[in-house]
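As structure tokens, the structure follows; a few thoughts come after it.
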Protein chains: 2
Amino acid sequence: MTTSILVPVFAALGDETRWSILVALGEEDASASALAGRLPVTRQAIAKHLAVLQEVGLVESVRVGRELRYRVLGSQLSETAKRLDRIGAQWDRRLAAIKRIAEDL
Amino acid sequence: MTTSILVPVFAALGDETRWSILVALGEEDASASALAGRLPVTRQAIAKHLAVLQEVGLVESVRVGRELRYRVLGSQLSETAKRLDRIGAQWDRRLAAIKRIAEDL
DNA sequence: GATTACTGCAACCACATAGTTGCATTAACC
DNA sequence: GGTTAATGCAACTATGTGGTTGCAGTAATC
């Protein structure tokens with residue numbers, strides 16, 4: 001169970017502003033400056049958030065002319081979801097087993 | 001897309017110690033004191049973490065005699081995983097659409 | 001009923017981080 | 001080539017939070 005790699009991803013997802021950024025990027029790719037126009041925080045704050053998101057593989061960047069355009073990576077989210085589901089199912093199996101034993105008494 | 005409810009769950013999952021607690025509880029139900037015996041943090045720290053986890057529905061507690069025993073809830077994890085996967089798939093669909101358009105040119 | 005073992009609460013500390021402002025830099029575009 | 005509009009970097013602030021210690025409360029157990 002390789003949870004250690006997952007934790008930073010969750011930490012990245014555990015912030016409202018970062019979700020706003022992800023949702024905005026989910027609609028269309030954008031630069032930090034462009035995002036700053038839509039969100040109630042400065043460009044620099046957004047740049048920091050994008051660095052965090054890129055670090056854990058939730059976004060990637062591409063240079064387009066003089067701007068750095070960011071793109072959201074749904075695959076990383078789906079991958080994380082799969083692992084989560086597996087762990088959750090495992091825990092539920094144990095619970096079910098306990099209930100079964102209790103009923104057998 | 002109701003992400004607002006998800007964010008606190010991810011924030012809760014974005015901490016190594018809390019994962020240690022969840023993993024320990026995944027093996028068997030335990031009280032804060034019992035967990036303190038296994039993990040390198042004090043009981044009080046663990047109690048705070050359990051409060052956070054309970055707040056977002058990742059664990060529940062049951063009184064057993066004079067101890068408060070905690071149990072991990074895999075269902076909440078699976079539910080979160082489902083939502084994550086849906087969002088990730090949506091983002092990937094958009095990306096795929098863009099690629100399709102690019103190839104059509 | 002006294003002891004024991006657990007939980008609950010409060011104050012406090014240190015560090016991380018979300019946010020800001022300000023300035024330097026770099027690359028398009030006219 | 002100068003202007004403009006983007007990014008990059010640094011310093012600083014404030015707040016949140018993970019962690020601690022210490023003590024009070026409470027409920028089993030002998």
Side-chain angles (χ1 to χ4, degrees), chain A residues 3-25 27-73, chain B residues 3-25 27-73:
Chain A
T3 59
S4 49
I5 312 150
L6 282 179
V7 177
V9 177
F10 290 128
L13 291 174
D15 180 89
E16 294 280 1
T17 304
R18 256 173 332 242
W19 266 103
S20 308
I21 292 173
L22 287 174
V23 169
L25 290 179
E27 291 169 11
E28 62 172 339
D29 301 351
S31 66
S33 299
L35 288 168
R38 272 179 248 169
L39 302 177
V41 284
T42 60
R43 172 190 60 90
Q44 287 86 337
I46 290 177
K48 283 189 195 175
H49 284 307
L50 286 169
V52 172
L53 292 171
Q54 188 164 30
E55 183 72 23
V56 300
L58 283 168
V59 304
E60 67 179 4
S61 63
V62 185
R63 267 237 120 81
V64 179
R66 65 180 148 189
E67 73 177 6
L68 240 197
R69 192 160 293 178
Y70 287 84
R71 163 186 306 163
V72 75
L73 295 176
Chain B
T3 59
S4 49
I5 311 150
L6 281 180
V7 178
V9 177
F10 290 128
L13 292 174
D15 180 89
E16 294 279 2
T17 303
R18 265 185 312 255
W19 267 103
S20 308
I21 291 173
L22 288 174
V23 169
L25 289 179
E27 292 169 10
E28 62 173 338
D29 301 351
S31 66
S33 299
L35 288 167
R38 272 178 250 169
L39 302 176
V41 284
T42 59
R43 173 191 58 92
Q44 287 86 337
I46 289 177
K48 283 189 196 176
H49 284 307
L50 286 170
V52 172
L53 292 171
Q54 188 164 30
E55 183 72 24
V56 299
L58 283 168
V59 304
E60 68 179 4
S61 63
V62 186
R63 267 237 120 80
V64 179
R66 64 181 148 190
E67 74 177 5
L68 240 198
R69 192 159 296 178
Y70 288 84
R71 162 186 307 162
V72 75
L73 295 176

For this session: Output yes when at least one side-chain N/O atom of A:S31 is less than 4.0 Å from OP1 or OP2 of D:dA6, else no.
Result: no
Problem set entry | B:E60, CD atom: more than 12 neighbouring heavy atoms under 6.0 Å | yes
Exercise. Starting at the 5' end of DNA chain C, which residue's closest nucleotide do you reach first, B:K48 or B:E67?
Worked result: B:E67
Exercise. Do A:L13 and A:V56 have side chains that get closer than 4.5 Å, going by heavy atoms?
Worked result: no
For this session: Return the 5'-most residue of the pair A:Q44, A:R66 with respect to DNA chain D, ranking by each residue's nearest nucleotide.
Result: A:R66
Problem set entry | Nucleotide C:dC6, atom P - distance to CG of B:L50 in whole Å | 15 Å
For this session: Would you classify A:A47 as touching base, sugar-phosphate or nothing, given that sugar-phosphate means primed atoms plus P, OP1 and OP2, and contacts are heavy atoms under 4.0 Å?
Result: nothing
For this session: Rounded off to whole Å, could you give me the CG-to-P distance for the B:D15 and C:dT17 pair?
Result: 11 Å
Problem set entry | A:H49 vs C:dG19: side-chain N/O to OP1/OP2 distance below 4.0 Å | yes
Exercise. Between atom CD in A:E16 and atom C1' in D:dG16, what is the gap in whole Å?
Worked result: 15 Å
Problem set entry | Any A:T42 side-chain N or O less than 4.0 Å from OP1/OP2 of C:dT20 | yes
Problem set entry | Minimum side-chain heavy-atom gap B:E55-B:P8 below 4.5 Å | no
For this session: Taking only the side-chain nitrogens and oxygens of B:R18, find out if one of them lies under 4.0 Å from OP1 or OP2 of D:dG18.
Result: yes
Exercise. What's the CG-P distance between B:L13 and D:dG18, to the nearest Å?
Worked result: 13 Å
Problem set entry | Check: B:R43 side chain, B:A36 main-chain N or O, donor-acceptor pair, under 3.5 Å | no
Exercise. Rounding to a whole Å, what distance do you find between A:L68:CG and D:dA5:P?
Worked result: 19 Å
Exercise. Below 4.5 Å, heavy atoms only, C-beta onward: do A:V72 and A:Y70 meet side chain to side chain?
Worked result: no
For this session: Give a yes/no answer on whether the side chain of A:R43 brings an N or O atom under 4.0 Å of OP1 or OP2 in C:dT21.
Result: no
Problem set entry | Residue met sooner reading DNA chain C from 5', once A:P40 and B:R69 are mapped to nucleotides | B:R69
For this session: Have a look at B:R63 and say if it touches a base, only the backbone sugar-phosphate, or nothing, with a 4.0 Å heavy-atom cut-off.
Result: sugar-phosphate
